[in-house]
Amino acid sequence: MPTIFGLARAAGFRTAAFFGKAKLQQLHAPRTLDHVRSLDPRVSGIGSARRTVRDVEHHLARSSPNLLFVHLAEPDYAGHSSGWMGRSYARAVAEADRAVTLLLEQADTRFGPRQYTVIVTADHGGHGRTHGTDDLRDTTIPWIVWGQGVRPGTSLTTVRTTDTAATALWLLGVSVPPEWTGRPVAEAFDTTAAAPVP
């Protein structure tokens, strides 16, 4: 199955990925990423988002990827170690929120204010110290899109995790493979004023 990185790169786009968890390194197929960085598996918990954001900052100082994937692992670490929705989890979410703020500042500097599109999401929710069940707390995720071409004030209710990659490809003008289960969330965008990819 082709990855989003491989499809984007085959279409001539520059790709970069920063994995907050070493196990996500499996998404890195050979010759699909122009730049990849994964945190050392011994780095976990509070502080990992800051390290990841610092790595992104160094990369954006010298490169302009068209597709940039950044994984912040702190909420997941806190959920598994202390439980979802507890005090430690709230601190981890606050740390991830600060990291997203820094990433947006870096993107403004590199690409220009609002001259890019951001999707903020999660791969799963959680309850207790686990996830992976049909419990709504496990299957409900945030899915926020902001920036160039986004239709302000649109409320989305039927987005799935697999729609994220399909939407990113659609924004780049790359065809989504028919065997993928995800679909572009086009209703979140003003398609009459679609902006060109930088």
Side-chain angles (χ1 to χ4, degrees), residues 1-41 52-73 76 99-100 103-104 106-124 141-151 156 158-198:
M1 183 71 69
T3 70
I4 182 175
F5 307 118
L7 292 167
R9 196 156 183 259
F13 294 106
R14 294 176 306 278
T15 59
F18 296 81
F19 301 120
K21 277 181 137 175
K23 73 178 185 178
L24 290 179
Q25 189 76 15
Q26 66 182 322
L27 297 174
H28 178 206
R31 295 176 300 284
T32 62
L33 284 162
D34 296 300
H35 182 84
V36 63
R37 176 93 173 153
S38 184
L39 281 183
D40 185 300
T52 300
V53 168
R54 196 164 45 242
D55 290 342
V56 174
E57 181 177 27
H58 293 317
H59 182 65
L60 289 181
R62 62 186 188 278
S63 187
S64 298
N66 303 103
L67 176 63
L68 173 63
F69 176 91
V70 180
H71 176 258
L72 303 172
D76 186 61
V100 170
L103 289 169
L104 293 177
Q106 293 168 10
D108 279 352
T109 299
R110 177 38 116 185
F111 304 108
R114 294 185 68 110
Q115 299 303 304
Y116 53 91
T117 306
V118 175
I119 300 172
V120 178
T121 189
D123 57 337
H124 59 76
I141 59 167
W143 203 88
I144 303 162
V145 63
W146 177 91
Q148 192 173 38
V150 175
R151 181 180 294 142
L156 305 169
T158 58
V159 178
R160 298 170 299 161
T161 304
T162 55
D163 295 337
T164 305
T167 302
L169 284 179
W170 177 78
L171 286 169
L172 292 171
V174 177
S175 296
V176 177
E179 63 270 23
W180 281 20
T181 58
R183 63 167 183 82
V185 186
E187 63 269 27
F189 298 89
D190 180 359
T191 55
T192 62
V197 174

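Bear in mind that the values here come from a model prediction, so they are computed numbers and not experimental data.
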Quiz prompt | Val56 and Leu103, any side-chain heavy atoms less than 4.5 Å apart | solution = yes
Self-check item: Heavy-atom pair of closest approach, residues Thr15 and Ala8
Solution: CG2-CB, 4.0 Å
Quiz item: Considering all heavy atoms of both residues, which atom of Leu7 and which atom of Pro177 are nearest to each other, and what is their separation?
Solution: CD1-CG, 3.5 Å
Practice problem: Write down the atom of Arg14, the atom of Asp34, and the distance for their closest heavy-atom approach. | Solution: CA-OD2, 3.1 Å
Quiz item: Between OG1 of Thr3 and CG of Leu33, what distance do you get to the nearest 0.5 Å?
Solution: 7.0 Å
Quiz prompt | Euclidean distance, Gln148 CD relative to Gln115 CD, rounded to 0.5 Å | solution = 5.0 Å
Quiz item: Going through the distances and angles, do Leu172 and Asn66 end up as a side chain to side chain contact (heavy atoms under 4.5 Å, CB included)?
Solution: CA-CA 8 Å; Leu172 292 171; Asn66 303 103; 4.2 Å; yes
Quiz prompt | Non-hydrogen atoms of Ala107 and Leu60 that approach each other most closely | solution = N-CD1, 4.4 Å
Quiz item: Once you round to the nearest 0.5 Å, how far does CZ of Arg110 lie from CZ of Arg62?
Solution: 10.0 Å
Quiz item: From Arg9 CZ over to Leu67 CG, what is the distance, rounded to the nearest 0.5 angstrom?
Solution: 12.0 Å
Exercise. Compare every heavy atom of Leu104 with every heavy atom of Tyr116, then report the nearest pair and how far apart it is.
Key: OH-O, 3.2 Å
Quiz item: According to the interplanar angle, ranging from 0 to 90°, do the rings of Phe18 and His35 count as parallel (below 30°), tilted (30 to 60°) or perpendicular (above 60°)?
Solution: tilted
Practice problem: For residues Phe5 and Val36, determine if any side-chain heavy atom of one lies less than 4.5 Å from a side-chain heavy atom of the other. | Solution: no
Quiz item: Do Trp180 and Thr162 meet the criterion of a side-chain donor-acceptor pair at a distance under 3.5 Å?
Solution: no
Quiz item: What's the spacing between Phe19 CZ and Leu72 CG if we round to 0.5 Å?
Solution: 12.5 Å
Quiz item: Shortest non-hydrogen contact from Ile4 to Ala168?
Solution: CD1-CB, 3.6 Å
Quiz item: Are side-chain heavy atoms of His28 and Ser38 found at a separation under 4.5 Å?
Solution: no
Practice problem: Calculate, to the nearest 0.5 Å, the distance between atoms CD and OG1 belonging to Glu187 and Thr167 respectively. | Solution: 8.0 Å
Quiz prompt | Thr121 side chain reached by Thr161 side chain, heavy atoms, under 4.5 Å | solution = no
